[in-house]
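Shown next, in structure tokens, is the structure this report addresses.
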Amino acid sequence: MAHALHFSISLSPPPPPFLSKRLSSKPYACSAGSPISSVHSVSPVSENRLPLSKAPAPVVLQPTTVDSGVMHLDVAMEVELRENGPRSSRRTKLVCTIGPATCGLDELEALAAGGMNVARLNMCHGTREWHRTVIERVRWLNQVKGFSVSIMMDTEGSEVHMGDLGGLTSAKAEDGDIWTFSVRAFNSHRPECTISVNYDGFAEDVKVGDELLVDGGMVRFEVIDKIGPDVKCRCTDSGLLLPRANLTFWRNGSLVQARNAMLPTISSKDWLDIDFGIAEGVDFIAVSFVKSAEVIKQLKSYIAGRSCESDVAVIAKIESFGSLKNLKEIIQASDGAMVARGDLGAQIPLEEVPSIQEKIIRLCRQLNKPVIVASQLLKSMIEYPTPTRAEVADVSEAVKQQADGLMLSGESAMGQYPEKALAVLRSVSLRIERWWREEKHNDNMELPDIACTSLESVSEEICHAATKMANKLEADALFVYTKTGHMASLLSRCRPDCPVFAFTPSPSSQRRLNLHWGLIPFCLSFTNDMESNLDRSFSLLKARGMIKSGDLIISVSDMLQSVQVVNVP
Ligand SMILES: Nc1ncnc2c1ncn2[C@@H]1O[C@H](COP(=O)(O)OP(=O)(O)O)[C@@H](O)[C@H]1O
Ligand SMILES: C=C(OP(=O)(O)O)C(=O)O
Ligand SMILES: [K+]
Ligand SMILES: [Mg+2]
């Protein structure tokens with residue numbers, strides 16, 4: 001049941017069933033969340049972190065069940081709408097990777113209150129039990145605290161990576177140090193300067209003289225000797241080794257495709273994780289190292305056969321050489337894409353990443369698929385409370401390119417300042433979006449027809465026309481009443497100057513729409529009578545201070561092929 005929120009009466013929420021669980025993900029310990037009171041205050045300052053220099057005012061959310069089930073909107077978006085007004089609300093969506101720094105209930109709530117639209121779980125790390133507890137916590141926050149945070153599961157894939165560091169959060173490799181990379185497993189005792197590798201063929205595939213890159217070049221080694229399962233390497237570029245960091249090796253300046261590159265994109269472990277994700281009802285499954293459209297089609301039909309509502313969206317991660325060769329087919333087959341710059345930058349020359357990012361974003365928009373820009377957006381904030389100027393410029397570039405979403409990885413998973421990093425994404429997005437609108441940099445990107453049926457063509461034309469009218473008339477918001485969410489995505493694709501209030505009867509459609517640029521998704525049941533739908537929405541939204549009398553609304557729906565222009569009474 002959806003809980004619509006009002007802010008006057010306080011009610012004690014039921015205690016979360018998982019409160020007693022203590023989540024830990026070796027080598028980190030993490031808080032299991034503190035008891036929740038009815039008036040729960042989300043403080044940006046939490047234990048064992050430095051107080052933030054410019055801490056935002058704590059958000060105090062008092063959920064009640066007034067209007068329960070009538071209309072539901074993420075409570076953080078509601079606060080933002082009320083405070084900034086529709087036209088100044090944030091259009092770019094924010095994805096946070098959850099890890100030891102943010103798996104506690106308080107930390108998750110702080111991220112939700114700070115504008116996290118999607119929580120990402122990287123199946124490369126942690127146990128299924130650990131991930132299940134995080135999912136339960138996010139669900140609890142959604143149900144009891146009125147958020148609408150979606151969940152994205154990200155598969156491990158058959159990449160080569162290091163093992164854990166036996167309890168250490170990191171290890172420093174210095175220039176000239178000799179380290180051993182071994183396919184042996186070290187259960188309790190890991191010898192000094194030794195790292196385990198998850199791929200059995202590792203020692204066979206590398207050659208003396210190869211260059212070994214950790215995490216796309218954060219640390220570099222040269223292979224100097226091979227002794228059975230052990231590969232001896234000399235550090236040539238010092239840096240921090242992080243648990244399970246990805247490994248690539250290069251020969252004469254070219255990436256060596258290890259035999260694991262021939263393994264299926266979705267490993268047996270990934271299929272079990274996918275079963276887990278479907279059973280837990282995650283909203284998105286992001287597939288690592290996609291090489292072809294076939295694997296996406298296969299996964300989509302697997303999901304359709306498994307989950308009765310078949311509403312898990314599949315996101316293709318573009319992070320390998322193979323995916324670039326089949327980019328259009330892959331994106332066409334998927335429900336969205338991720339520019340996974342971490343691994344992408346380890347597979348192609350770094351200087352090619354920016355133009356490829358732009359190309360993928362443009363292609364996704366043309367094909368009407370949401371796209372996320374991921375990795376290293378605010379990397380320095382893992383350790384420092386303020387970003388570098390270059391990082392802010394990188395974030396603003398992605399915002400200018402009108403990517404649907406921006407993603408935090410280590411910054412939110414294991415960094416010292418997750419909430420601050422999220423606040424930076426939020427404020428840079430708001431500022432750059434406003435600037436882009438004021439400067440009328442509104443691109444006139446050619447949007448090709450994507451409709452397959454004549455009815456879909458009509459919807460597409462209606463969305464183009466409605467956007468044009470909304471821009472010209474400087475409307476306060478576009479409204480769309482949509483059963484499947486498709487028409488809302490078509491409006492988002494037009495990147496209108498005003499936000500799009502997307503009303504959909506299903507909570508799962510609402511959570512899927514969370515990822516689309518400029519959409520404010522509401523869960524609301526509606527009828528075929530547009531007149532009464534509008535009346536009802538107006539009175540609900542006005543009562544909650546999200547719109548006001550006189551606001552200009554342009555409304556479309558996927559039941560009635562028309563555009564309505566209305567002033568809020
Ligand atoms: N579930 C988790 N448990 C423990 N650590 C995690 C988890 N998720 C992420 N991390 C940490 O955050 C870092 C950044 O996350 P991410 O970018 O998703 O992974 P990776 O660096 O392996 O690609 C990881 O290297 C890892 O140290
Ligand atoms: C997001 C990425 O994938 P992962 O963190 O799973 O390696 C990436 O490589 O940029
Ligand atoms: K992954
Ligand atoms: Mg990756």
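What you see is a predicted model; the values in this text were computed from it and never measured. Order of appearance sets the numbers: ligands from 1, and atoms from 1 within every ligand.
If you number the atoms of ligand 1 from 1 as listed, the ones under 4.0 Å from a heavy atom of S409 come out as 17 (O). The atoms of ligand 1 that sit less than 4.0 Å from any heavy atom of A413 are 9 (C), 10 (N), 12 (O). Residue E319 has at least one heavy-atom neighbour below 4.0 Å for each of these atoms of ligand 2: 2 (C), 3 (O), 8 (C), 9 (O). Shown in contact with A340 at under 4.0 Å from a heavy atom are these atoms of ligand 2, numbered in order with element: 1 (C), 2 (C), 8 (C), 9 (O), 10 (O).
With a 4.5 Å cut-off on side-chain heavy atoms, H125 and M414 do not count as touching. With contacts defined as side-chain heavy-atom distances shorter than 4.5 Å, the pair D154/M338 qualifies. Annotation: side chain of F181 is not in contact with side chain of V206 (no heavy-atom distance under 4.5 Å). Considering only heavy atoms from C-beta on, K93 stays 4.5 Å or farther from D404 through its side chain. A heavy-atom distance below 4.5 Å is not found between the side chains of F284 and N514.
Other residues, nucleotides and ligands contribute more than 12 heavy atoms inside 6.0 Å of the NZ atom of K269. The environment of K207 atom NZ is sparse: at most 12 non-hydrogen atoms of other residues, nucleotides or ligands sit within 6.0 angstrom.
Ligand 2 lies within reach of R120, whose nearest heavy atom is under 4.0 Å from it. Taking 4.0 Å as the cut-off, N122 counts as a neighbour of ligand 2 on heavy-atom distance. Proximity of P100 to ligand 1 is established by a heavy-atom distance of less than 4.0 Å. Not a single heavy atom of L242 sits less than 4.0 Å from an atom of ligand 1. By the 4.0 Å heavy-atom criterion, I98 is counted among the residues contacting ligand 1. At least one heavy atom of K317 sits closer than 4.0 Å to an atom of ligand 2. Heavy atoms of H161 stay at 4.0 angstrom or farther from ligand 1.
A donor-acceptor pair shorter than 3.5 Å cannot be found between the side chains of N326 and S292. A side-chain donor-acceptor contact under 3.5 Å links R341 and Q357.
Summarising the geometry of L108 relative to C103, their closest heavy-atom pair is CD1-O, 3.6 Å, with the distance given to 0.1 Å.
Summary of contacts: the protein heavy atom closest to atom 7 (O) of ligand 2 is D343 OD2, 3.0 Å.
For ligand 2, the polar-atom distance check against M407 finds no nitrogen or oxygen pair separated by under 3.5 Å. Taking distance alone, with nitrogen or oxygen atoms compared against 3.5 Å, H125 approaches ligand 1 more closely than that limit. Between N122 and ligand 1, a contact under 3.5 Å exists for at least one N or O pair. An N or O contact shorter than 3.5 Å is missing between W130 and ligand 1 by distance. Backbone and side-chain nitrogen or oxygen atoms of S288 are examined, and none is located within less than 3.5 angstrom of a nitrogen or oxygen of ligand 2.
For residue T155, an N/O/S atom approaches the K ion (ligand 3) to within less than 3.4 Å.
Under 4.0 angstrom from ligand 2, the non-hydrogen atoms of S375 all belong to its side chain. Contacts between T97 and ligand 2, counted as non-hydrogen atom pairs separated by less than 4.0 Å, are absent for every part of the residue. Residue contacts with ligand 1, taken as heavy atom pairs separated by less than 4.0 Å, do not involve L121 at all.
Not one N or O on the side chain of T194 forms a donor-acceptor pair closer than 3.5 Å with the backbone of T180. No donor-acceptor distance shorter than 3.5 angstrom exists from the side chain of T97 to the backbone of S412, with no hydrogens or angles considered.
Looking only at its N/O/S atoms, D154 has OD1 as the one nearest to the K ion (ligand 3).
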Task: M116 vs I98, side chain to side chain contact (heavy atoms under 4.5 Å, CB included): CA-CA, chis, key distance, verdict - done: CA-CA 11 Å; M116 164 173 69; I98 305 304; 4.1 Å; yes

